[in-house]
Q: 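Questions regarding the structure given below will be posed in turn.
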Amino acid sequence: MSGGVEWALHCCVVLTSVEEPVPAARLAQLHDVSPSYLAKQLQALSRADLVRSVQGKAGGYVLTRSPAQITVLDVVEAVDGPGPAFVCTEIRQRGPLAAPPESCPAPCAISRAMAGAETAWRDALRSVSVADLARNVSSDSGPGALKAVSTWLSTAEG
């Protein structure tokens, strides 16, 4: 999983704390990350219709729907794509002792184990929403942390 997923999730969580659009540069400043790097993550979220860009002087990014309706899996797939984390290349059919394709009618134990892990991983990410993450900010970062973020994001850039 790419590091962009983490940045995108943090952006979605902080966007739950504001009512007005937040400029990408302000989000980058908050997270101390390169504006161009964060812009790529925000563009991926926008293409997946998880955030929307609002143009104009008071423009920036807003969530497109309730945080309870955006799952962690939605964000992962927006940034990294919907493809599987593991892709079997049928190594058992390679090399000097390669098994012929007809001897491999079913996926091998490694492929089955990875497919099971992929299913469990996706189910776990699908079960957690951005709203769930936002609810944990106080216990993870201290009482009032999300309110402080909201206040900081809502103030004029310095």
Side-chain angles (χ1 to χ4, degrees), residues 1-56 58-90 106-155 157:
M1 185 179 323
S2 73
V5 169
E6 181 180 12
W7 294 111
L9 283 165
H10 276 280
C11 286
C12 287
V13 169
V14 301
L15 288 175
T16 69
S17 74
V18 295
E19 294 181 19
E20 299 297 322
V22 179
R26 193 73 168 150
L27 289 166
Q29 185 180 10
L30 172 68
H31 293 112
D32 192 27
V33 65
S34 156
S36 61
Y37 178 76
L38 192 62
K40 290 178 187 174
Q41 313 323 315
L42 291 167
Q43 288 168 0
L45 292 174
S46 183
R47 281 191 301 275
D49 197 33
L50 301 177
V51 300
R52 156 174 74 83
S53 176
V54 176
Q55 302 302 313
Y61 285 89
V62 296
L63 296 175
T64 58
R65 55 188 183 252
S66 160
Q69 295 176 320
I70 301 172
T71 70
V72 173
L73 183 60
D74 292 332
V75 175
V76 169
E77 289 181 342
V79 174
D80 282 353
F86 175 81
V87 177
C88 178
T89 60
E90 277 298 346
C108 72
I110 293 168
S111 184
R112 290 190 311 269
M114 297 304 274
E118 176 92 17
T119 298
W121 177 73
R122 288 184 181 278
D123 287 346
L125 297 180
R126 190 179 291 110
S127 73
V128 179
S129 72
V130 168
D132 296 328
L133 297 176
R135 276 191 291 277
N136 286 303
V137 171
S138 289
S139 62
D140 294 343
S141 301
L146 200 53
K147 177 65 177 155
V149 166
S150 173
T151 301
W152 188 86
L153 287 172
S154 299
T155 60
E157 290 186 49

Q: Could you report the tightest heavy-atom contact between Val18 and Ser154, atom names first, then the distance?
A: CG1-OG, 4.2 Å

Q: Let me see the working for Val13 and Leu9 under side-chain contact (heavy atoms from CB on, under 4.5 Å), right down to the final yes or no.
A: CA-CA 6 Å; Val13 169; Leu9 283 165; 5.5 Å; no

Q: Hey, what do you get for CD1 (Ile110) to CD (Glu90), rounding to the nearest 0.5 Å?
A: 10.5 Å

Q: Provide the closest heavy-atom pair for Thr71 versus Arg126 in the form atom of the first, atom of the second, distance.
A: CG2-O, 3.4 Å

Q: Using modelled atom types only, decide if a donor and an acceptor are shared between the side chain of Arg122 and the backbone of Leu73 within a distance under 3.5 Å.
A: no

Q: Does Glu20, at its CD atom, have more than 12 non-hydrogen atoms belonging to other residues, nucleotides or ligands within less than 6.0 Å?
A: no

Q: Rounded to the nearest 0.5 Å, what separates atom CG in Leu15 from atom CG in Leu50?
A: 11.0 Å

Q: Rounded to the nearest 0.5 Å, how far does OG of Ser138 lie from NZ of Lys147?
A: 12.0 Å

Q: Please answer whether the main-chain N or O of Ser2 pairs with a side-chain N or O of Asp80 as donor and acceptor at a distance below 3.5 Å.
A: yes

Q: First locate atom CD1 of Ile70, then atom CG of Leu63, and finally report the distance between them rounded to the nearest 0.5 Å.
A: 4.5 Å

Q: Which pair of heavy atoms, one from Val79 and one from Gly4, lies closest together, and at what distance?
A: CG1-C, 3.8 Å

Q: Heavy-atom distance under 4.5 Å between the side chains of Pro84 and Met114, does that happen here?
A: no

Q: Is it true that a side-chain atom of Ser150 and a backbone atom of Leu146 form a donor plus acceptor pair closer than 3.5 Å?
A: no

Q: Just list the side-chain donor-acceptor pairs under 3.5 Å for residues 39-49, sequence neighbours left out, or say none.
A:
| from | atom 1 | to | atom 2 | distance (Å) |
| --- | --- | --- | --- | --- |
| Gln41 | NE2 | Tyr37 | O | 3.2 |

Q: Taking atom CZ as the centre, does Arg52 end up with more than 12 heavy-atom neighbours from other residues, nucleotides or ligands that are less than 6.0 angstrom away?
A: no

Q: How long is the straight-line distance from CZ of Arg135 back to CG of Asp140, given to the nearest 0.5 Å?
A: 12.5 Å

Q: Please answer whether the main-chain N or O of Ser129 pairs with a side-chain N or O of Asp132 as donor and acceptor at a distance below 3.5 Å.
A: yes

Q: Determine the minimum heavy-atom distance between Val5 and Val76, stating which atoms define it.
A: CG1-CG2, 3.7 Å

Q: List the atom of Pro21, the atom of Gly59, and the distance in Å for their closest heavy-atom pair.
A: CB-C, 3.7 Å

Q: Roughly how far apart are Leu133 CG and His10 NE2, rounded to 0.5 Å?
A: 9.0 Å

Q: Which heavy atom of Tyr61 sits nearest to which heavy atom of Ser53, and what is that distance?
A: CE2-CB, 3.9 Å

Q: Donor-acceptor pair, distance only, cut-off 3.5 Å: does the side chain of Thr155 make one with the backbone of Trp152?
A: yes

